[in-house]
Participant: 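For reference, the structure I am asking about is given below.
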Number of protein chains: 2
Amino acid sequence: MSPHLERLKAAGYKLTKARSTILHVIEAAGGHVTSAEVLEKVAALNPSIGRASVFRTLDLLTRLVIIRPTYPGGSTTPGYVLMPGGHHHHIICMVCNRIIEFDDCGLEGMAAALEERLHVRLEGHLLEFYGRCDRCRELPLPGSEA
Amino acid sequence: MSPHLERLKAAGYKLTKARSTILHVIEAAGGHVTSAEVLEKVAALNPSIGRASVFRTLDLLTRLVIIRPTYPGGSTTPGYVLMPGGHHHHIICMVCNRIIEFDDCGLEGMAAALEERLHVRLEGHLLEFYGRCDRCRELPLPGSEA
DNA sequence: AGCGAAAATGAGACACTGTATCATTATAAG
DNA sequence: CTTATAATGATACAGTGTCTCATTTTCGCT
């Protein structure tokens, strides 16, 4: 069983067909999906799962910091990223919308310092850099020509 | 004139009534707004500005890394944060959805290292921590009781 | 195993956010 | 002032995400 499903159970939620299917779809996609992709692939795997459950589950996974919504491009449909261990880091190319993931380090120290200074309890973080990837770095920003 | 408007002009975009009104609304709100709030406040200031222009401008400001969409709560309407200097850092309380901003440091070094290692050009970043604020740290996550 | 309380589901109607089109207007350069 | 061109506003539209509620499923307990 996926460790994410175990976290669901540990948090007191029931393990259902819908939830395991949805989580499987996200994991099979490599951790980067849009809600539209999840809807489509879940329907392909099991047409009896309703839309409402998909959105409810995305909400639930977000609250548990198992996934987190992010915006590849402008104000369109959000994407979701898996946050293994509660954190994730990537670069979004603002020209071609490609996502480049990278491993990170130093933020655990920053998190601990913030917890102490601000008296908060932190469970995860998402770090996004915006820029232009190696293939697009010489091109103008999209919209500059518009 | 707001430095953000100057950046628009420097990037080759025209300075229009709609754009300056929308940017003014975001700045007056302290840098944290939802699209619904922008629509409402812009309509109050100048009813002749159409919805389409508001969304178009939010897209444009996002591409220029002047603002950046983020999700305070679950998968509902996105919020937008002003990114002064192209970067922003905050903590989102997952119980009460309060946003706690904090100043940051070390990431410029990480950005420079990534630019060299991955041959990318970075223009901004957003760092979000998820957790529970000082007022909510003893409470369960929302939905745990559901 | 089987029972039962309670959570979770699926169906479908609904509200709303965001998009596309296109004629009209405003910007800014010369 | 003139003119090319970007940007606008209105409207209709598409799609995402929400809500309700009867029905089903999970899972602790015996």
Side-chain angles (χ1 to χ4, degrees), chain A residues 1 5-6 8-23 33-43 45-64 67 69-80 140-146, chain B residues 1 5-6 8-23 33-43 45-64 67 69-80 140-146:
Chain A
M1 183 168 64
L5 278 180
E6 307 215 21
L8 266 190
K9 179 163 192 172
Y13 295 97
K14 294 181 176 175
L15 301 187
T16 67
K17 196 81 180 170
R19 285 174 178 164
S20 69
T21 302
I22 292 160
L23 204 35
V33 285
T34 63
S35 50
E37 285 168 7
V38 177
L39 284 170
E40 180 189 348
K41 291 179 182 173
V42 165
L45 283 175
N46 185 344
S48 73
I49 295 176
R51 291 178 201 284
S53 291
V54 173
F55 287 112
R56 273 187 296 234
T57 300
L58 291 174
D59 277 1
L60 178 60
L61 296 175
T62 298
R63 283 199 308 261
L64 294 176
I67 61 174
T70 179
Y71 269 113
S75 62
T76 27
T77 299
Y80 292 88
L141 280 177
S144 293
E145 77 288 351
Chain B
M1 183 167 64
L5 279 180
E6 308 214 21
L8 267 189
K9 180 162 191 172
Y13 295 97
K14 293 182 178 174
L15 301 187
T16 68
K17 195 83 178 169
R19 285 173 178 165
S20 69
T21 302
I22 292 161
L23 204 36
V33 286
T34 63
S35 51
E37 286 168 5
V38 176
L39 284 170
E40 182 189 347
K41 291 179 182 174
V42 164
L45 282 175
N46 186 343
S48 74
I49 295 176
R51 291 178 202 285
S53 290
V54 173
F55 287 111
R56 273 186 296 233
T57 300
L58 290 175
D59 277 1
L60 178 59
L61 295 175
T62 298
R63 283 199 309 261
L64 294 177
I67 61 174
T70 180
Y71 267 113
S75 64
T76 27
T77 299
Y80 291 89
L141 279 179
S144 294
E145 75 288 351

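Every chain is numbered from 1, with letters handed out A, B, ... down the list of sequences.
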Participant: Measure the distance from CG on B/L60 to P on C/dG18 and round it to the nearest whole Å.
Facilitator: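 Taking atom P of C/dG18 as the reference, CG of B/L60 is at 16 Å.
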Participant: Please evaluate residues B/T16 and B/T57 with respect to the criterion side chain to side chain contact (heavy atoms under 4.5 Å, CB included), reporting the C-alpha separation (whole Å), side-chain torsions for both, the decisive distance (0.1 Å), and the verdict.
Facilitator: CA-CA 11 Å; B/T16 68; B/T57 300; over 6 Å; no
Participant: Whole Å only: how far is the CG atom of A/L5 from the P atom of D/dT26?
Facilitator: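 Whole-Å distance recorded here is 13 Å.
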Participant: Which nucleotide in the list D/dA7, D/dG9, C/dT9 gets nearest to the side chain of B/A18?
Facilitator: D/dG9
Participant: Estimate the overall bend of the helix from C/dA1-D/dT30 to C/dG30-D/dC1 from the end axes over five pairs each, rounded to 10 degrees.
Facilitator: 60°
Participant: Which of these nucleotides, C/dG10, D/dG17, C/dT19, is closest to any side-chain atom of A/S53?
Facilitator: C/dG10
Participant: Could you check how far CG of A/L58 sits from P of C/dA8, rounded to whole Å?
Facilitator: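 These atoms are roughly 16 Å apart.
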Participant: Could you write nucleotides 20-30 of chain C as a row of B, S and -, 5' to 3', where a protein heavy atom under 4.0 Å of any base atom gives B, of only sugar-phosphate atoms gives S, and otherwise -?
Facilitator: BB-----BS--
Participant: Expressed in angstrom and rounded to an integer, what is the separation of A/F55 atom CZ from C/dT17 atom P?
Facilitator: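 Nearest whole value for this atom pair: 15 Å.
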Participant: How long is the straight-line distance from CG of A/L15 back to CD of A/E6, given to the nearest 0.5 Å?
Facilitator: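 If I round to the nearest 0.5 Å, the distance is 9.0 Å.
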Participant: Could you give the CD-to-C1' distance, from A/E37 to D/dT16, as a whole number of Å?
Facilitator: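 That distance rounds to 15 Å.
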Participant: Only counting residues at least two apart or in another chain, list the ones meeting side chain to side chain contact (heavy atoms under 4.5 Å, CB included) with B/S35.
Facilitator: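 Side chain to side chain contact (heavy atoms under 4.5 Å, CB included) check on B/S35 returns B/F55, B/L58, B/T77, B/Y80.
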Participant: Starting at CG of B/D59 and ending at C1' of C/dT17, how long is that distance when rounded to a whole Å?
Facilitator: 12 Å
Participant: Can you list everything that forms a side chain to side chain contact (heavy atoms under 4.5 Å, CB included) with B/R56? Sequence neighbours excluded, please.
Facilitator: B/A52, B/S53
Participant: Would you find a donor on one side and an acceptor on the other, under 3.5 Å apart, between the side chain of B/R51 and the backbone of B/L39?
Facilitator: no
Participant: Check every strand shown and say whether A/I49 touches a base, only sugar-phosphate, or nothing at a heavy-atom separation below 4.0 Å.
Facilitator: sugar-phosphate
Participant: Could you tell me the separation between the CZ atom of A/R19 and the C1' atom of D/dC27, rounded to a whole number of Å?
Facilitator: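 Roughly 13 Å, once rounded to whole Å.
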Participant: Under the side chain to side chain contact (heavy atoms under 4.5 Å, CB included) rule, collect the residues that match up with A/S20, sequence neighbours excluded.
Facilitator: A/L5
Participant: Give a yes/no on whether any side-chain N or O of B/S48 is located under 4.0 angstrom from OP1 or OP2 of D/dT8.
Facilitator: no
Participant: Just to verify, what does B/E37 make a side chain to side chain contact (heavy atoms under 4.5 Å, CB included) with, not counting sequence neighbours?
Facilitator: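 B/V33, B/T34.
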Participant: How many Å lie between CG on A/N46 and C1' on C/dA11, as a whole number?
Facilitator: 15 Å
